[in-house]
Amino acid sequence: MAASERSRPSLFWPLAAIVIPLVSLLAKITAKDAHKLPREGAFVLAPNHYSEFDPLIVAVAVYRTGRLPRFMAKESLFRIPVVGWILKRTGMIPVARASSASAAKQTMAQSRELVENGRGVIVYPEGTLTRDPELWPMRGKSGAVRLALAGGIPLIPMAQWGTQQIMGRYQKGLSLWPLRKRVQVVFGDPVDVSDLIGRAGEPAALNEATDRLMAAITALLEQLRDEKAPAKRWNPADHGQKETGRLDS
């Protein structure tokens, strides 16, 4: 059943009772093709990211499908009293550091746990807020595809648009008025990376899978914005920009 995961008692219940009414007061979320998010079993959901308010929009949209919104989070957050307890109790996943044997083992273990427990995880493939001046998705990092490839897990692209009216990129505080600003969300078809599963440890394969994912996310955002993205994806390194607050690798 679509709501079976959400219907089981968990810490998500009191959190949802607080978060959903507050988010719904600020945003009128309309979701398209929500049926493309698997109703059961593991998944890796990869949204675009341009506002600090994005995670709340994505969480509410996912929760309304009957699935529980679990995110990848910085490992350091799991060591904070109370916050760390909540993250662990809700099944959030600590980010594995890149380019090490221990990171590869951690990714395999995390992927296996997702499959065994039939859970989904939300991973921002850009790793931080996009640096693109027009808020288009920038170049991606490999965290989302590494998880998906390690366990043969469906890799679902997602785009959302309108959140910047509530909280712009790097904005301090929220724009409260008018209430219930329109935010559009669209789920995409799984990105086909089946031909790369046997090469999950190769950088070239990870780059190819990441390019496919970012192209799919960008195409979805083009639908929502009804305009074309730049031909070349923004790369912070080309513009002397540092990538602070990175949540992916």
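All of these numbers come straight from a predicted model, not from anything done at the bench.
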Engineer: Are V186 and I57 connected in the hydrophobic side-chain network, where two residues link if heavy atoms are under 4.5 Å apart?
Structural biologist: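 Each belongs to a different hydrophobic cluster.
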Engineer: Side chains of S142 and N207: does their closest heavy-atom pair fall under 4.5 Å?
Structural biologist: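 Of all side-chain heavy-atom pairs linking N207 with S142, none is under 4.5 Å.
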Engineer: Is there a path from W177 to V183 through hydrophobic residues (I, L, V, M, F, W, Y) whose side chains come within less than 4.5 Å of each other?
Structural biologist: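 Yes, same cluster.
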Engineer: Does a side-chain heavy-atom distance below 4.5 Å link D33 with H35?
Structural biologist: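 D33 reaches H35 side chain to side chain.
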Engineer: Between L155 and A144, what is the shortest heavy-atom contact and its length?
Structural biologist: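 The pair with the smallest heavy-atom distance is CD1-O, 4.1 Å.
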Engineer: Heavy atoms only: give me the nearest L224-A159 pair and the separation to one decimal.
Structural biologist: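 For L224 and A159, the tightest heavy-atom pair comes out as CD1-O, 3.6 Å.
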Engineer: To the nearest 0.5 Å, tell me how far R70 CZ sits from F43 CZ.
Structural biologist: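 Spacing of CZ (R70) from CZ (F43) equals 8.5 Å.
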Engineer: Which pairs would a plain distance check flag for residues 19-26, meaning a side-chain donor or acceptor within less than 3.5 Å of a matching protein atom at least two apart in sequence or in another chain?
Structural biologist:
{"residue": "S24", "atom": "OG", "partner": "I20", "partner atom": "O", "Å": "2.8"}
{"residue": "S24", "atom": "OG", "partner": "R64", "partner atom": "NH2", "Å": "3.3"}

Engineer: On a heavy-atom basis, which atom in G168 and which in Q171 lie closest, and how many Å separate them?
Structural biologist: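 Nearest heavy atoms, G168 then Q171: N-OE1, 2.7 Å.
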Engineer: In Å and rounded to the nearest 0.5 Å, what is the CD1 to CD distance from I217 to E222?
Structural biologist: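 Answer for the CD1-CD pair, I217 versus E222, is 12.5 Å.
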Engineer: How many angstroms lie between CG in D54 and CZ in R169, if you round to the nearest 0.5 Å?
Structural biologist: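 If we round to the nearest 0.5 Å, D54:CG and R169:CZ are 11.5 Å apart.
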Engineer: Looking at every non-hydrogen atom in both residues, tell me the closest pair between T65 and A34 and how far apart they are.
Structural biologist: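 The pair with the smallest heavy-atom distance is CG2-CB, 4.0 Å.
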Engineer: Any donor-acceptor pair under 3.5 Å linking the side chain of R39 with the backbone of L37?
Structural biologist: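 The answer is yes, because a donor-acceptor pair under 3.5 Å joins these two groups.
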Engineer: Which heavy atom of R67 sits nearest to which heavy atom of G120, and what is that distance?
Structural biologist: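 Heavy atoms of R67 and G120 come nearest at NH2-N, 4.0 Å.
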Engineer: So do the side chains of P69 and I122 get within less than 4.5 Å of each other, counting heavy atoms only?
Structural biologist: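 With C-beta onward as the side chain, the pair touches.
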Engineer: Between E126 (side chain only) and H49 (backbone N and O only), is there a donor and an acceptor less than 3.5 Å apart?
Structural biologist: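 Between the backbone of H49 and the side chain of E126 there is a qualifying donor-acceptor contact (under 3.5 Å).
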Engineer: Is there a path from L45 to V60 through hydrophobic residues (I, L, V, M, F, W, Y) whose side chains come within less than 4.5 Å of each other?
Structural biologist: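 As far as the 4.5 Å side-chain criterion goes, V60 and L45 are connected within one cluster.
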Engineer: How about E227 and E134: do any of their side-chain heavy atoms sit closer than 4.5 Å?
Structural biologist: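 Not in contact.
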Engineer: Determine whether T130 and W136 make a side-chain contact, defined as any pair of heavy atoms from C-beta on separated by less than 4.5 Å.
Structural biologist: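 They are not in side-chain contact.
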Engineer: Quick check for you: to the nearest 0.5 Å, what is the distance between R233 atom CZ and T218 atom OG1?
Structural biologist: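 Interatomic distance, R233 CZ to T218 OG1, rounded to 0.5 Å: 4.5 Å.
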Engineer: Which heavy-atom pair separates G143 from V123 by the least distance, and what is that distance?
Structural biologist: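 Closest approach of G143 to V123, heavy atoms only: C-CG1, 4.4 Å.
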Engineer: With the side chain counted from C-beta on, respond yes when L68 and Y63 share a heavy-atom pair under 4.5 Å apart, and no when they do not.
Structural biologist: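 Contact flag for L68/Y63 side chains = yes.
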Engineer: Report whether L220 and W161 are members of the same hydrophobic cluster (ILVMFWY, side-chain heavy atoms less than 4.5 Å apart, transitive linking).
Structural biologist: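 Yes, one cluster joins them.
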Engineer: Quick check: do I153 and L147 have side-chain heavy atoms less than 4.5 Å from each other?
Structural biologist: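 No, their side chains stay 4.5 Å or more apart.
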Engineer: Would you compute the distance between atom CD1 of I166 and atom CZ of F53 and round it to the nearest 0.5 angstrom?
Structural biologist: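 Atom-to-atom, I166:CD1 and F53:CZ are 5.0 Å apart.
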Engineer: Can you tell me if CD on E113 sees more than 12 non-hydrogen neighbours from other groups inside 6.0 Å?
Structural biologist: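 No.
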Engineer: Are L221 and V62 connected in a single hydrophobic cluster, I mean Ile/Leu/Val/Met/Phe/Trp/Tyr linked by side-chain heavy atoms less than 4.5 Å apart?
Structural biologist: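 The answer is no; the residues belong to distinct hydrophobic clusters.
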Engineer: Does some side-chain heavy atom of L206 sit less than 4.5 Å from a side-chain heavy atom of L149?
Structural biologist: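 Yes, their side chains come closer than 4.5 Å.
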Engineer: Please output the side-chain donor-acceptor pairs of residues 187-201 that fall under 3.5 Å, not counting sequence neighbours, one pair per line with the distance.
Structural biologist:
{"residue": "D189", "atom": "OD1", "partner": "K36", "partner atom": "NZ", "Å": "3.3"}
{"residue": "D192", "atom": "OD1", "partner": "S194", "partner atom": "N", "Å": "3.1"}
{"residue": "D192", "atom": "OD1", "partner": "S194", "partner atom": "OG", "Å": "2.7"}
{"residue": "D195", "atom": "OD1", "partner": "R212", "partner atom": "NH1", "Å": "2.9"}
{"residue": "D195", "atom": "OD2", "partner": "R212", "partner atom": "NH2", "Å": "3.0"}
{"residue": "R199", "atom": "NE", "partner": "E202", "partner atom": "OE1", "Å": "3.0"}
{"residue": "R199", "atom": "NH2", "partner": "E202", "partner atom": "OE1", "Å": "3.4"}

Engineer: How far does OH of Y50 sit from CG of L135, to the nearest 0.5 angstrom?
Structural biologist: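 Rounded to the nearest 0.5 Å, the OH-CG separation comes out at 7.0 Å.
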Engineer: List in chain and number order the residues that pass ring pair (Phe, Tyr, Trp, His ring centres under 6.0 Å) with W234, two or more places apart in sequence or in another chain; answer none if no residue qualifies.
Structural biologist: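 Residues passing ring pair (Phe, Tyr, Trp, His ring centres under 6.0 Å) with W234: H239.
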